[in-house]
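Only one structure is covered here, and it is reproduced in the block below.
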Amino acid sequence: MSAGFQRARRPEQIEARRTAILAAARELLAERPVADISLRELACRVGLAKSNVLRYFDSREAVFLEVLDTAWTAWLDELAFGVLPGPPAREERIAGTIAATLAERRLLCELISAMAPVLERNISLEFARGFKLRAAANLERLASLVRAGVPELSAEAARVFARAVVVVVSGAWPYANPTEAVALATAEAGGAPGFEAVVAENLTNLLAGLVARRR
């Protein structure tokens with residue numbers, strides 16, 4: 001901890017301290033998986049004691065959920081499907097674009113895959129409420145983008161698809177990023193499709209199925 005640490009009291013000081021903690025979290029995530037990053041290591045990176053980090057965030061998990069929310073919003077800000085062809089190529093284009101843009105965002109995919117099993121296990125009710133409201137807003141944005149490209153989808157069907165994106169990424173990311181031993185064994189057994197291919201195939205099938213049910 002920095003010898004000159006002083007507790008932030010003014011709103012701008014608190015926000016600056018929170019920003020510094022989130023920046024340190026992103027730095028560490030560029031180096032190793034979230035499961036390998038302790039609160040102590042995060043505190044050392046930002047130059048604070050663990051107790052001081054917890055003045056600004058509920059827990060280690062809350063810090064990484066904040067990083068997730070920022071990364072999720074940034075992805076949606078840039079997500080665009082362009083001019084779409086007719087079905088079924090339309091469904092393939094939308095699913096493929098989602099898969100390709102997610103594959104470019106390792107941080108987002110890793111945090112989505114860790115969200116339910118790890119990061120949501122040690123947060124307060126108050127923080128959970130706020131995070132879930134923001135997550136719901138992000139899902140609604142994704143549903144609206146998809147529905148704009150596939151207008152025959154109902155609003156609820158588009159939401160089903162948006163929620164499925166999270167579920168597919170949650171499963172596909174760890175599957176496509178195994179331990180060294182599992183990766184070697186998988187290669188010896190003939191290999192397996194990569195993350196982008198798995199996500200694109202699953203989302204294409206789901207979207208096509210949702211469209212077919214509307215006919």
Side-chain angles (χ1 to χ4, degrees), residues 25-37 61 64-65 67-121 135 138-139 141-143 145-150 153 157-212:
R26 284 189 289 269
E27 288 178 4
L28 287 167
L29 285 166
E31 300 169 6
R32 59 182 65 88
V34 63
D36 295 341
I37 302 171
E61 290 76 10
F64 292 116
L65 286 173
V67 175
L68 167 58
D69 182 59
T70 301
W72 197 342
T73 301
W75 173 58
L76 291 171
D77 287 344
E78 298 180 8
L79 184 63
F81 301 123
V83 178
L84 294 171
R90 173 190 60 181
E91 287 81 355
E92 294 176 357
R93 171 80 68 80
I94 290 173
T97 299
I98 290 173
T101 54
L102 284 171
E104 296 170 348
R105 291 165 170 79
R106 183 198 65 79
L107 173 63
L108 175 58
C109 294
E110 181 179 335
L111 292 177
I112 286 176
S113 72
M115 180 172 62
V118 178
L119 298 180
E120 292 182 340
R121 301 294 181 179
N138 286 333
L139 287 172
R141 282 185 66 191
L142 177 57
L145 286 169
V146 172
R147 197 177 182 206
V150 189
L153 282 182
R159 293 187 190 104
V160 167
F161 179 80
R163 291 192 293 267
V165 170
V166 174
V167 174
V168 170
V169 170
S170 295
W173 185 256
Y175 173 80
N177 294 275
T179 63
E180 184 177 349
V182 172
L184 179 58
T186 300
E188 291 173 348
F195 172 79
E196 184 176 339
V198 169
V199 173
E201 179 68 17
N202 279 274
L203 294 184
T204 297
N205 292 337
L206 174 61
L207 188 54
L210 289 168
V211 170

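Basis for what follows: all heavy atoms, side chains included, without hydrogens, waters or symmetry-related copies.
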Just jot down the side-chain contact (heavy atoms from CB on, under 4.5 Å) partners of P178, sequence neighbours excluded, or say none. V182, A183

Result block: side-chain N/O donor-acceptor pairs under 3.5 angstrom for residues 193-204, not counting sequence neighbours:
residue: E201; atom: OE2; partner: N205; partner atom: ND2; Å: 3.3
residue: N202; atom: ND2; partner: V198; partner atom: O; Å: 2.8
residue: T204; atom: OG1; partner: A200; partner atom: O; Å: 2.7

Looking only at non-hydrogen atoms, find the nearest pair between L68 and M115 and report the distance. CD2-SD, 3.7 Å

For E27, give me all partners under salt bridge (charged side-chain N to carboxylate O under 4.0 Å, His left out), at least two apart in sequence or on another chain. R45

Would you mind writing out the side-chain donor-acceptor pairs for residues 165-174 within the sub-3.5 Å range, not counting sequence neighbours?
residue: S170; atom: OG; partner: I112; partner atom: O; Å: 3.4
residue: S170; atom: OG; partner: V166; partner atom: O; Å: 2.7

What pairs meet the side chain to side chain donor-acceptor pair (under 3.5 Å) rule with one or both residues in residues 106-115, with sequence neighbours excluded? R106-E110

I'd like to know whether V34 forms a side-chain contact (heavy atoms from CB on, under 4.5 Å) with V118, so could you lay out the CA-CA distance, the side-chain angles of the two residues, the decisive distance to 0.1 Å, and finally the verdict. CA-CA 9 Å; V34 63; V118 178; 5.7 Å; no

Show me the pairs that pass ring-ring contact (aromatic ring centres under 6.0 Å, His included) and involve residues 87-115, at least two apart or across chains. none

Run the side-chain contact (heavy atoms from CB on, under 4.5 Å) check on L210 and V150 step by step: do they pass? CA-CA 10 Å; L210 289 168; V150 189; over 6 Å; no

Provide the closest heavy-atom pair for R147 versus A158 in the form atom of the first, atom of the second, distance. CB-CB, 4.1 Å

Mind checking what makes side-chain contact (heavy atoms from CB on, under 4.5 Å) contact with A192, not counting sequence neighbours? Y175, T186

Apply side-chain contact (heavy atoms from CB on, under 4.5 Å) to residues R93 and T97 and explain how you reach the verdict. CA-CA 6 Å; R93 171 80 68 80; T97 299; 4.1 Å; yes

Of all residues at least two apart in sequence or in a different chain, which pass the side-chain hydrogen bond (donor to acceptor under 3.5 Å, both in side chains) check with E92? none

Any chance you could measure F161, atom CZ, to I94, atom CD1, to the nearest 0.5 Å? 7.0 Å

For residues 184-194, the salt bridge (Lys or Arg N to Asp or Glu O under 4.0 Å) pairs (sequence neighbours left out) are none

Would you give me the side-chain donor-acceptor pairs under 3.5 Å for residues 72-84, sequence neighbours excluded?
residue: T73; atom: OG1; partner: D69; partner atom: O; Å: 2.9
residue: W75; atom: NE1; partner: T101; partner atom: OG1; Å: 2.9
residue: D77; atom: OD1; partner: R141; partner atom: NH1; Å: 3.2
residue: D77; atom: OD1; partner: R141; partner atom: NH2; Å: 2.9
residue: E78; atom: OE1; partner: R105; partner atom: NH2; Å: 2.5

Can you tell me how far apart CG (L119) and CG (L65) are? Round to the nearest 0.5 Å. 4.5 Å

If the condition is side-chain contact (heavy atoms from CB on, under 4.5 Å), which residues does R32 pass it with, not counting sequence neighbours? L28, D36, I37, E41

Qualifying salt bridge (Lys or Arg N to Asp or Glu O under 4.0 Å) pairs, either residue in residues 157-184, two or more places apart: E140-R159, E156-R159, E156-R163

